[in-house]
Amino acid sequence: MLGFERGYLESFLNNEIAASRRWLWSNEKILWFQFLLALTLKVGTLLFALWLWQQSRISVADFGDERQSSLLIIGEVRNISRRFIDLFEYIGNIANGVGIIVREHEITDRPERNHCTLPVAVSSCTTSVLVILPTTRFSRISICALRAGSV
């Protein structure tokens with residue numbers, strides 16, 4: 001009886017997992033790109049500082065200051081780029097959540113399911129009404145309160 005629903009939910013879950021994996025791999029590519037750029041910048045500044053030191057244009061203290069400053073700047077740039085990735089992730093999550101809330105919802109049932117009438121059960125001891133809805137799509141639903149015993 002639950003075969004159709006289970007298959008439907010499993011296919012939806014598989015689509016979500018595939019989308020998550022695509023996002024994770026793209027995020028991993030961005031992080032590796034940042035790492036390689038930072039490594040290139042570190043090696044380049046080190047070689048340039050060694051070249052200047054070899055030509056006696058800078059002292060040992062200047063060499064140390066250059067290394068410290070370049071590593072600090074590279075670390076801050078990588079931190080800012082990670083924060084941008086996080087910001088775009090948060091924006092995407094918010095857009096996805098709002099999109100889920102505002103879009104039309106449809107409950108999918110088995111294709112061979114027959115439409116049925118809406119049975120209404122009215123409790124005689126309270127003023128609440130229980131309406132059992134079939135799994136179909138309604139363009140508009142209005143619910144009104146009925147007094148117990150009026151149906």
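Only a predicted model underlies this, so the values are computations on that prediction, with no experimental measurement involved.
Listed by chain and number, the hydrophobic cluster partners of Leu46 are Phe48, Leu50, Trp51, Leu52, Trp53, Ile58, Val60, Phe63, where partners are ILVMFWY side chains within reach of under 4.5 Å, directly or through others. With side-chain heavy atoms closer than 4.5 Å counting as contact, directly or through intermediates, the hydrophobic cluster containing Val77 also holds Ile73. Counting Ile, Leu, Val, Met, Phe, Trp and Tyr side chains that sit under 4.5 Å apart, directly or through other members, Leu24 shares a hydrophobic cluster with Trp23. Using a 4.5 Å cut-off between side-chain heavy atoms of Ile, Leu, Val, Met, Phe, Trp and Tyr, Leu87 falls into a hydrophobic cluster with Ile80, Phe84, Phe88, Ile91.
Residue-environment remark: CD (Gln55) exceeds the threshold of 12 foreign heavy atoms within 6.0 Å.
Residues meeting the side-chain contact (heavy atoms from CB on, under 4.5 Å) test with Arg82, sequence neighbours left out: Leu31, Gln34, Arg78. For Thr45, the side-chain contact (heavy atoms from CB on, under 4.5 Å) test picks out Leu41, Glu66, Arg67, Ser70, with sequence neighbours left out. Remark: Trp25 engages no residue in a ring-ring contact (aromatic ring centres under 6.0 Å, His included) (not counting sequence neighbours). For Ser59, the side-chain contact (heavy atoms from CB on, under 4.5 Å) partners are Ala61, Asp62, not counting sequence neighbours. Under the side-chain contact (heavy atoms from CB on, under 4.5 Å) criterion, Phe33 pairs with Leu37, sequence neighbours left out. In this structure, the side-chain hydrogen bond (donor to acceptor under 3.5 Å, both in side chains) partners of Glu28, at least two apart in sequence or on a different chain, are Trp32.
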Using atom types as modelled, flag every donor-acceptor pair under 3.5 Å from a side chain in residues 12-22 to any protein atom, sequence neighbours excluded.
unit_1: Asn14; atom_1: ND2; unit_2: Glu10; atom_2: O; d: 3.2
unit_1: Asn15; atom_1: ND2; unit_2: Ser11; atom_2: O; d: 3.4
unit_1: Ser20; atom_1: OG; unit_2: Glu16; atom_2: O; d: 3.0

